[in-house]
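By convention in this document, chain letters (A, B, ...) are assigned in the order of the sequence lines, proteins followed by strands, and residues within each chain are numbered from 1.
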Protein chains: 2
Amino acid sequence: MATEAKQAVTRTGAAKAEPGRQSLKSAATRARLIDATIRCIVQHGYANTVTPMVAAEAGLSRGAMLHHFVSGDALIRATIVELHERRLKAFRRASQANLGDVRSMVRDYWQQLQKPGFIAFQELAMAARTDAALAEILLPLQSEFTQRFQALAGQLYPDWVQESERLSLAMALSQILMEGIQIASLTGAMDKQLVEPLLDFLEMSVVALRPGQGNDSTMSNEQ
Amino acid sequence: MATEAKQAVTRTGAAKAEPGRQSLKSAATRARLIDATIRCIVQHGYANTVTPMVAAEAGLSRGAMLHHFVSGDALIRATIVELHERRLKAFRRASQANLGDVRSMVRDYWQQLQKPGFIAFQELAMAARTDAALAEILLPLQSEFTQRFQALAGQLYPDWVQESERLSLAMALSQILMEGIQIASLTGAMDKQLVEPLLDFLEMSVVALRPGQGNDSTMSNEQ
DNA sequence: ACAAAAAAACATGCTTGCATGCTTTTTTAT
DNA sequence: ATAAAAAAGCATGCAAGCATGTTTTTTTGT
C-alpha cells in the first residue's frame with residue numbers, strides 16, 4: 001500500500017530548499033499522514049480524530065508520526081494548510097477551464113463541494129468556532145478564499161466589475177447557497193430532490209444579476 | 001438565570017405519569033441541566049461539552065446530575081428533544097403572527113437563527129454525521145421539521161399550493177440560504193456587509209416564485 | 001424517620017506526550 | 001571504494017491527565 005510517493009514532495013512544500021534530497025521519503029511520509037488525517041476527519045469527524053487513529057490509517061506507528069509532526073496540533077495545522085492549497089489549486093484550474101460561462105462556474109464549484117476536502121474543511125471550520133487556536137489559523141484562510149473567489153469573478157466577467165455590489169452579491173449567493181445545500185445534505189436536512197431545482201434557480205439568479213441582462217428588479221426596496 | 005422551571009414538566013415529558021407531585025423540584029433541576037447543556041454546546045461546542053462542565057454550569061455536582069440523567073447520553077438525548085420542541089413552538093408562534101407576508105416570514109426565520117438554539121442544533125447535526133447514535137435521534141426530527149416547514153407554507157399561502165414545486169423550491173431556498181448565511185457567519189466565511197443584501201435578494205426571489213406575480217422566468221431551462 | 005436529592009469517593013478506560021531502543025540511509029574519512 | 005560515524009526514520013513502552021459510570025455517604029424535605 002501507499003506507492004504514490006514521488007509527487008508528494010511538491011505537494012507539501014515542506015522539503016528542504018534543495019531540490020533533490022536524500023530523505024524525500026520523509027516528505028512522502030508526511031503527505032501520507034496528512035492524507036490519513038483528512039480521511040479520518042471525513043470518516044469520523046474532527047472531534048473523534050485521535051492520534052492513534054491517524055497513525056493506523058497511515059500505516060505508521062504513533063511514535064513515527066510524532067517524529068514527523070511534533071504534536072497532534074502540528075499535524076492538524078499542516079492538514080489545514082494542505083486543504084487550503086488544494087482549494088486554491090482547484091480554483092486556478094477552474095478559472096482556466098470555463099471562461100465566463102455561468103452554468104459551468106456553478107457546476108464546477110458544486111463538484112468541488114462533493115470532494116472530501118470540503119467535508120474536512122467544514123468540520124474544521126465548525127470546530128474553529130469554539131477553538132481559538134484553530135480559528136487563528138483558519139479564519140485568515142477563509143478570508144483569503146472568499147477574496148480570491150471575488151477576484152476570480154471579476155477576472156471572468158470583466159463587464160461586471162462596474163457593478164461591484166451586484167457582483168459581490170452574485171458570488172456570495174453562489175458560495176453560500178451551494179455550500180448551504182451541501183451542508184444540509186450532510187446533516188440530513190436536505191431533500192435530495194430539491195438539489196437540482198435549487199442549482200437551476202441559482203444559475204438563473206446569477207444570470208439575472210449580471211448587468212445588461214434586462215431584469216432590473218433586484219433589491220427594489222433598498223436605495 | 002434559569003428561573004423558568006414549572007412548565008418544564010411538560011417540556012421534557014419525562015416526569016412521572018402523575019400530574020402534581022411533591023417533587024416537581026426534580027423537573028426544575030432537569031430543566032436547569034438541559035439549559036446548561038445547551039449553553040455549554042453553544043459556548044464550547046458539542047465535542048468539548050463534557051459532563052463536569054455541564055454540572056458546573058448548572059450549579060450542581062456531577063453526582064446529582066447523574067441522578068437525574070442516568071448517563072451523559074441521556075442528557076444529550078433530552079436536550080435534542082427540548083431543542084426540537086422549542087423549534088416547533090417558535091414555529092407555531094410565527095405562523096400565527098405574520099400571515100402571508102413574505103418579508104415577515106423571512107425576517108422571522110432569520111431572527112430564529114440568531115438564537116442559541118440554532119447554534120446548538122447545528123453543532124449536534126454536524127456531530128450526528130459521524131455519530132450513529134445521534135443520527136438515529138436527530139435525522140427523524142430534521143425530516144419532521146422540514147415537513148412542517150412545508151406544511152406551514154401551504155397553510156400561509158393557500159394560493160400557492162397548486163404550484164407545489166415552486167412552493168417547495170421557495171421554502172427550501174429560504175431555509176437553506178438563511179441557514180447557510182448563519183453557518184457561514186459562525187465559521188467566519190461570511191462578509192457581514194453582504195448579509196442584508198442577501199436577505200433582500202431572498203425576499204425578492206420568494207416573491208418572484210409566488211404564482212400570479214408576473215416574472216415567469218423561473219427555471220426556464222427545465223421542462 | 002424515611003425517602004428522595006445531592007455530594008463525594010472510587011475504579012476504569014482512553015488519549016496524549018515523552019523517552020527509550022532498533023533499523024536504515026547518508027555522510028565522512030582513510 | 002569502503003568502513004566507520006552520524007543522522008534520520010521508525011517502533012514500543014511508560015506515566016500523567018481527564019472523562020465516564022458506579023457506588024457510597026451526606027443532606028434535605030415531608
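Within the 4.0 Å cut-off from OP1 or OP2 of C/dA6, at least one side-chain nitrogen or oxygen of B/T29 is found. Of the side-chain N and O atoms in A/T51, one or more sit less than 4.0 angstrom from OP1 or OP2 of C/dT16.
Taking atom CZ of residue B/R62 and atom P of nucleotide D/dT24, one finds them 16 Å apart after rounding to whole Å. What separates CZ of B/R30 from P of C/dA4 is a distance of 16 Å, to the nearest Å. Nucleotide C/dT15 holds its C1' atom 16 Å from the NE2 atom of A/H44, rounded to whole Å. One interatomic measurement links the two molecules: CG of B/N48 to C1' of D/dA19, which rounds to 12 Å at whole-angstrom precision.
The two atoms that bring B/L194 and A/A172 nearest to each other are CD1-CB, 3.7 Å, heavy atoms only. Across B/L33 and B/V54, no two heavy atoms sit closer than the pair O-CG1, 3.9 Å.
B/L202 places none of its side-chain heavy atoms less than 4.5 Å from the side chain of B/I181.
Residues B/F149 and B/Y109 place their aromatic rings such that the two centres sit under 6.0 Å apart.
Listed by residue number, the members of residues 64-80 of chain A with any heavy atom below 4.0 angstrom from DNA chain D are A/A64, A/H67, A/H68.
Judged by the 6.0 Å distance and 45° axis criteria, A/R87 is positioned over the aromatic ring of A/F121.
Mapping A/G63 and A/T49 onto DNA chain C by nearest heavy atom places A/T49 closer to the 5' end of the strand.
Residue B/Q114 qualifies as enclosed at atom CD: its count of foreign heavy atoms under 6.0 Å is above 12.
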